[in-house]
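All residue numbers refer to positions in the sequence shown, counting from 1. The shown structure was predicted, so the numbers you read here are calculated from the model rather than taken from an experiment.
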Amino acid sequence: MAKYFLPTAYPLCLRSSFSLSLATRTFVYHPIKCSVKKQLTLCKAVNEAAMHPLILTKRGLSISFVTTFMLSLAGEDATAAILEADDDDELLEKVKRDRKKRIERQGVISSSTRETGYLQDLVYKLSEVGKAIENNDLPTAASVFGSGTDTDWVQKANVALNKLSASPEEKTEVDTFNSSLASLISSVAGNDIESSKLAFVSSASAFEKWTSLTGLVVQLKGL
């Protein structure tokens, strides 16, 4: 096999040897057979290595985006949980306030036996008036009312209604009842059967709504 001597400018694929008799270093070149297939494999490996930084960069961006998205969702969930907790606290406080008001109202009603009696008498009187109107017997209805709004049972009923009314809604129903009752008395006195029927329904509805608001609906008989 032929041997070639090359200067040190080509260190690749060289096998060095030293001559003891010479002051200079020489190299013996032995050609290395590299097939085209091996060269292609080497080029592919080099190209894949060059692409790795780009792939990692895309993966890093994807992970960063997903992480940011998950953190934003976690932040929204935390905010929603805080708002929900605040809503629960407000609802709980409202329940407590309503319960306290009901207890106080029951205490007032329990101690107002006289006013409750006035209202029970009102129920009986309205029942008599209703039956008379149903039978088109306005003279009997007029006798129940007596002197109209100045009748004793009407006056006492107003005292009880005003004393046991606490909320604006209850007071509104009292005003509606008084207005409808005055119209009923006027219609009965005027012998107007149709107007009497309408006024009676309006009066009875306002009174029943008031008893529901105050809780007296369970104590009064005949409703």
**Q** Under a single-linkage definition using a 4.5 Å side-chain heavy-atom cutoff for Ile, Leu, Val, Met, Phe, Trp and Tyr, are Tyr124 and Leu122 assigned to the same hydrophobic cluster?
**A**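 Each belongs to a different hydrophobic cluster.
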**Q** Quick one: does any side-chain atom of Ser180 pair with a main-chain N or O of Thr176 as donor and acceptor, under 3.5 Å?
**A**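 Answer holds: yes.
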**Q** Locate the shortest heavy-atom distance separating Ser147 from Thr151; write the atom from each residue and the value.
**A** N-OG1, 3.2 Å
**Q** Over 60° means perpendicular and under 30° means parallel, so tell me whether Phe177 and Phe207 are parallel, tilted or perpendicular.
**A**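 It falls in the tilted class, 30° to 60°.
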**Q** Does Asn158 use its side chain to pair, donor to acceptor, with the backbone of Val154 at less than 3.5 Å?
**A**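 It does hold such a pair.
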**Q** Quick check: does any side chain N or O of Ser205 sit under 3.5 Å from a backbone N or O of Val201, one acting as donor and the other as acceptor?
**A** yes
**Q** Return the minimal non-hydrogen interatomic distance between Ile133 and Ser196, and the atom names on each side.
**A** CD1-O, 3.9 Å
**Q** With side chain to side chain contact (heavy atoms under 4.5 Å, CB included) as the test, would you mind laying out the steps for Leu119 and Trp210 before giving the verdict?
**A** CA-CA 11 Å; Leu119 295 174; Trp210 180 87; 3.7 Å; yes
**Q** Can I get a per-line list of side-chain donor-acceptor pairs under 3.5 Å for residues 181-191, giving both atom names and the distance, sequence neighbours left out?
**A**
from   : atom 1 : to     : atom 2 : distance (Å)
Ser187 : OG     : Ser183 : O      : 2.9

**Q** With a 4.5 Å heavy-atom cut-off, do Trp153 and Val144 have their side chains touching?
**A** yes
**Q** Is there side-chain contact between Thr211 and Val218, with heavy atoms separated by less than 4.5 Å?
**A** no
**Q** Surrounding CD of Glu134 (heavy atoms of other residues, nucleotides or ligands, distance under 6.0 Å), is the total greater than 12?
**A** no
**Q** Quick one: does any side-chain atom of Glu170 pair with a main-chain N or O of Ala166 as donor and acceptor, under 3.5 Å?
**A** yes
**Q** Please, which pairs that meet salt bridge (Lys or Arg N to Asp or Glu O under 4.0 Å) have at least one residue in residues 206-223, sequence neighbours excluded?
**A**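 Sorted pair list: Glu173-Lys209.
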**Q** For Asp152, enumerate each residue passing the salt bridge (charged side-chain N to carboxylate O under 4.0 Å, His left out) test, keeping only those at least two apart in sequence or located in another chain.
**A**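 With sequence neighbours excluded, Asp152 shows a salt bridge (charged side-chain N to carboxylate O under 4.0 Å, His left out) to Lys156, given in chain and number order.
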**Q** With rounding to the nearest 0.5 angstrom, report the CG to CG distance, Asn136 to Leu138.
**A**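 Those atoms lie 7.0 Å apart.
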**Q** Return the CD to OG1 distance between Glu128 and Thr140, rounded to the nearest 0.5 Å.
**A**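 Those atoms lie 9.5 Å apart.
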**Q** What do you reckon, is CD of Gln155 surrounded by more than 12 foreign heavy atoms closer than 6.0 Å?
**A**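 Check passes, neighbour count above 12.
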**Q** Going by salt bridge (charged side-chain N to carboxylate O under 4.0 Å, His left out), name the residues that satisfy it together with Lys125, two or more places apart in sequence or in a different chain.
**A** none
**Q** For Ser202 and Leu198, indicate whether the former's side chain and the latter's backbone hold a donor-acceptor pair under 3.5 Å.
**A** no
**Q** Can you list the residues that meet the side-chain hydrogen bond (donor to acceptor under 3.5 Å, both in side chains) rule with Thr149, with sequence neighbours excluded?
**A** none
**Q** Rounded to the nearest 0.5 Å, how far does CG of Leu216 lie from CG of Leu161?
**A**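 Rounded to the nearest 0.5 Å, the CG-CG separation comes to 9.5 Å.
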**Q** With Phe200, which residues qualify under ring pair (Phe, Tyr, Trp, His ring centres under 6.0 Å), at least two apart?
**A**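 Phe200 satisfies ring pair (Phe, Tyr, Trp, His ring centres under 6.0 Å) with no residue once adjacent residues are dropped.
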